[in-house]
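Just so it is clear, the values below take in all heavy atoms, side chains as well, and ignore hydrogens, waters and symmetry mates. Predicted model, so just to flag it, every value in this text is computed and none were measured.
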Number of protein chains: 2
Amino acid sequence: MVNAKIKHDCKIELNGVDLRATPARVALMKLLETTDKPLDVQTMIDYLNQQEVKTDPATVFRIVNLFKEKGLLNLIQLNEGKFRYELTSKPHHHHFVCEQCGAIQDISDFSIKAVEDAIQEKRQIKIKSHSLEFFGMCKNCLK
Amino acid sequence: MVNAKIKHDCKIELNGVDLRATPARVALMKLLETTDKPLDVQTMIDYLNQQEVKTDPATVFRIVNLFKEKGLLNLIQLNEGKFRYELTSKPHHHHFVCEQCGAIQDISDFSIKAVEDAIQEKRQIKIKSHSLEFFGMCKNCLK
DNA sequence: ATGGTTGCAAACACTTTGCACATGA
DNA sequence: TCATGTGCAAAGTGTTTGCAACCAT
């Protein structure tokens with residue numbers, strides 16, 4: 001019942017951006033909705049294959065790219081050699097990555113919108129997005 | 001003469017971080033010093049091979065990683081699928097990338113150090129570096 | 001029914017690694 | 001001299017693409 005409900009929600013969400021609600025897409029939406037840190041594609045694949053939903057890397061890459069085009073996902077890079085993704089529906093925030101243990105924390109203590117507006121006007125450019133990530137040592141690793 | 005002088009400088013610079021001044025390394029330092037935007041490795045390889053200095057991708061990747069370890073280079077990601085590098089000796093700045101034409105501008109109008117300090121204290125973490133990049137449309141492409 | 005979606009295999013881009021040879025200090 | 005660095009080839013990731021079969025609408 002719970003599953004059915006969530007599936008239904010995702011269906012509406014997906015159809016709303018002209019995408020068919022296939023099992024892999026619905027499962028991926030569910031995963032993204034219940035995860036609090038940016039996911040890389042390999043993690044998504046592993047998760048899906050652990051569930052009832054067998055799928056293929058090519059499919060997941062395609063879904064993720066589609067979701068990004070449709071504006072459902074933000075792309076994030078944390079200086080690894082790969083992309084991570086987060087739902088755009090989550091409140092805007094930045095990240096802190098511990099270089100020792102790899103832990104990722106959300107940073108939402110402030111906004112750089114004012115700065116962004118100032119730069120935009122001064123340079124006569126249009127800023128559509130930004131990425132701001134911090135790197136260092138987390139509380140635990142500092143001990 | 002000019003070349004000899006620059007070579008000499010790089011030799012000191014390289015030996016200063018316990019690296020031998022080989023032709024590829026010196027040429028790469030020269031390139032990095034005279035370029036104002038973050039370079040990807042393929043661009044470095046193409047440049048070196050156009051010059052007198054024939055070299056191999058593996059070598060350039062190794063040099064770049066060494067330079068980074070030694071603190072000579074900063075790694076930058078602009079949401080492409082690859083790394084870019086800049087000399088750490090350049091004044092700290094951020095970047096703006098035009099999503100239409102790919103142009104990269106330096107953004108050094110402001111600092112987020114105050115913000116960084118506040119986050120660091122509040123969360124009891126140690127922030128060692130950050131990346132802040134802006135994406136949008138440049139002046140030209142807005143026309 | 002039919003156009004969007006998938007799986008599979010192959011290819012591509014970027015990066016790393018092993019090892020024998022070469023070279024800077 | 002000899003530890004360090006290089007070239008070459010091979011392999012390892014992450015990602016994209018072509019195409020026939022499949023399935024959501």
- Validation row, ring centre B:His130 to ring centre A:His95 under 6.0 Å: no
- Interatomic distance where CZ belongs to B:Arg20 and C1' belongs to C:dA22 [whole Å]: 11 Å
- Per the under-4.0 Å heavy-atom filter, residues of residues 54-69 of chain B near DNA chain C come out as B:Ala58, B:Phe61, B:Arg62, B:Asn65
- Taking CG from A:Asp18 and P from C:dT5, how many angstroms apart are they, rounded to a whole number? 9 Å
- Message: So B:Glu86 and B:Ile76, do their side chains get closer than 4.5 Å, heavy atoms only?
- Response: yes
- Message: Please check: side-chain N/O of A:Thr88 versus main-chain N/O of A:Leu72, any donor-acceptor pairing under 3.5 Å?
- Response: yes
- If only atom types and distance count, is the side chain of A:Asp106 paired as donor or acceptor with the main-chain N or O of A:Lys37 below 3.5 Å? no
- Using a cut-off of 4.0 Å on non-hydrogen atoms, how would the nucleic acid contact of B:Asn15 be classed: base, sugar-phosphate, or nothing? sugar-phosphate
- Does B:Thr35 reach the main-chain N or O of B:Leu31 with its side chain, forming a donor-acceptor pair under 3.5 Å? yes
- Message: Can you give me the first and the last nucleotide of DNA chain D (5' to 3') that has an atom within less than 4.0 angstrom of a non-hydrogen atom in chain A?
- Response: D:dG14 to D:dT25
- Item | Heavy-atom neighbours of B:Lys90 NZ exceed 12 at 6.0 Å | yes
- Message: If the cut-off is 4.0 Å, is A:Arg25 near the phosphate of C:dT5, judged by side-chain N/O to OP1 or OP2?
- Response: yes
- Do the side chain of B:Gln120 and the main chain of B:Ile127 share a donor and acceptor less than 3.5 angstrom apart? yes
- Task: Nearest whole angstrom, please: distance from the C1' of C:dT15 to the CE of B:Met44.
- Result: 13 Å
- Do other residues, nucleotides or ligands put more than 12 heavy atoms under 6.0 Å from the NZ atom of A:Lys139? no
- Message: At 10 degrees resolution, what angle do the end axes of the helix from C:dA1-D:dT25 to C:dA25-D:dT1 form when each is taken over five base pairs?
- Response: 40°
- Message: Test your reading of the model: is there a side-chain donor-acceptor pair from B:Gln100 to the backbone of B:Met137, 3.5 Å cut-off?
- Response: no
- Walking DNA chain C from its 5' end, the first of B:Thr22 and B:Lys82 to be reached, judged by nearest nucleotide, is B:Lys82
- Donor-acceptor contact below 3.5 Å, side chain B:Arg25 vs main chain B:Arg20: yes
- Note on the structure: The reported gap from CG in B:Leu132 to CD in B:Glu116 (rounded to nearest 0.5 angstrom) is 10.5 Å
